[in-house]
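Each chain gets a letter, A, B and so on, in the order the sequences are listed, and its residues count up from 1.
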Amino acid sequence: MTGVRTTIVVNGSDITRSGPAHYSLLRWLRDLASVFDVKYGCGEGVCGACTVLVDGKTVSSCLVLAVQVDGRRITTLAGLAGADGPSALQEAFIECGAAQCGFCTPGMLLAATEAVASGELTGRDDIRSALHGNLCRCTGYQAVVDAVESVIGTVEPTRGF
Amino acid sequence: MYVRPFDYLRVDSLEAASQALIEQGPGSWVIAGGQSLMPLLNVGLAEVDILVDISRVRGYADVTYTNELIEIGALATHRTLEKDAAITTGAPLLAAAIGHIGNVRVRNVGTIGGSVAHNDPAGEVPLVLAVLGATYRLDRGVDTRSVAAAHFTKGSFETVLSRGELVATVSLPPTQLGSGWGFHEFAYRPGDFAVAAAAATARIQDEVVADLHLGVTGLGGGPLRCRSFEEAALGAAPADLAGLEHLISSDFGYVADSVESSAYRSHLATVMAGRAVADAVRRSMAAA
């Protein structure tokens, strides 16, 4: 199998690597580009740990080929913070203690970022619906929903678990 | 997730894709969103020599809409359709059913043409398109033909598509004034494959059923229209439909698999169908 030269804009910086055509975006990021904040969970698109934003939309990086996103802009957890520090959602996750082991947290934050940006969240049911594709094996969902809810501004954040 | 290596070819037209798939033969598969194919490759249930990528072909990601016809490009994503005003108003059943597909990530990337061509027996899209009476335009190079959804499926994951032939567009009549819809599915977890699902449309006129379509899936062989029930329902008063529910399962075929018994699947499908019909009737009466 011949190597394919692929350039992807990761968190604003061009990364170019040559790799096998069959590499998923997830494997390309971790094995070729050393982007380790994207986590390998299930490899089947179910768990959400490998979530990245492609042009602002969440994608399971294990379910797209790196060559398919050649030239596109992707955002990982490390790209969420701005020049003036963590995003409001990241601050809320910290404030609410919305992480236990932390393995699902990058995917949770990226999914929540897309959901909040959509402007369609009105309450906890919407938040749970938007995040049902992201699994937390510590089952720390309560605090995650608290954190997202605090950002959409419906109620004051409460401490979960 | 160490998949068997394969080659990759990106094409910029459906004609080029057809040509490549014909030249490369059975080891070549087409990929668009890949949200069904990639999991199969990742877990080793499918193996390919080369993927032909049509995801960047231009001109097939849009929805066009007239009073007579909604035409959807095969590369339109589920997420696009779920939010598109032409779909939410002109085909609300389709928009609602798409909301049950996987999760947001799957819907951001997965395409309607892919769902049609994959023809998963648990799939929402083939079911709803069969109930809505959709027509698919199938292209193979310069050859093109139209096939009704009802004639497209040949069973689980089996379709009339020949080698190199691609789903190009999906056309369906917009919902009629005064008609209602219903969609219910049973899955063990939100976003999981449906064990059974049912979709219905109904139009109540002069207090009787003037039109009713009902389809179920999860019975092992792809979407199934419940023709006996549909025929019996015509002219019936809405209140009498419950008495016809025994006819729903009369069209069911072989339904057992290694997980659920035949009786359980039949029961689930009948319950989902009854709820879908009730919702469709209720919405039609509310719209009148």
Distance col, row A/Glu44:CD vs B/Leu40:CG, nearest 0.5 angstrom, shows 10.0 Å
Between the CD atom in A/Glu114 and the CZ atom in B/Arg105, the distance rounded to the nearest 0.5 Å is 9.5 Å
Closest non-hydrogen contact found for B/Phe6 with A/Ala21 is O-CB, 3.9 Å
Determine whether more than 12 heavy atoms belonging to other residues, nucleotides or ligands lie under 6.0 Å from atom CZ of B/Phe186. yes
Compare all side-chain heavy atoms of B/Asn103 with those of A/His132 and state whether any distance is below 4.5 angstrom. yes
Answer with side chain, backbone, both or neither: which region of B/Arg56 has an atom nearer than 4.5 Å to a non-hydrogen atom of chain A? side chain
How close do B/Arg10 and A/Asp70 get, heavy atom to heavy atom, and via which atoms? NH2-CB, 3.7 Å
Can you tell me if CZ on A/Arg17 sees more than 12 non-hydrogen neighbours from other groups inside 6.0 Å? yes
Rounded to the nearest 0.5 Å, what's the gap from OG on A/Ser60 to CG on B/Asn108? Could you check? 9.5 Å
Return the option, out of B/Arg4, B/Arg189, B/Gln35, with the maximum number of heavy-atom pairs under 4.5 Å with chain A. B/Gln35
For B/Leu51, which atoms come within 4.5 Å of any heavy atom of chain A: side chain, backbone, both, or neither? side chain
From A/Glu120 atom CD to B/Lys83 atom NZ, the distance as rounded to the nearest 0.5 Å: 3.5 Å
With a 4.5 Å heavy-atom cut-off, do B/Asn42 and A/Leu63 have their side chains touching? yes
Side chain, backbone, both or neither: which part of A/Val52 has an atom under 4.5 Å from a heavy atom of chain B? neither
If you tally heavy-atom pairs under 4.5 Å between each of A/Val54, A/Leu131, A/Leu65 and chain B, the highest tally belongs to A/Leu65
If every non-hydrogen atom of B/Met38 is compared with every non-hydrogen atom of A/Ser24, which pair is closest and at what distance? CE-CB, 4.5 Å
The interface call for A/Ala130 against chain B, heavy-atom contacts under 4.5 Å, is backbone
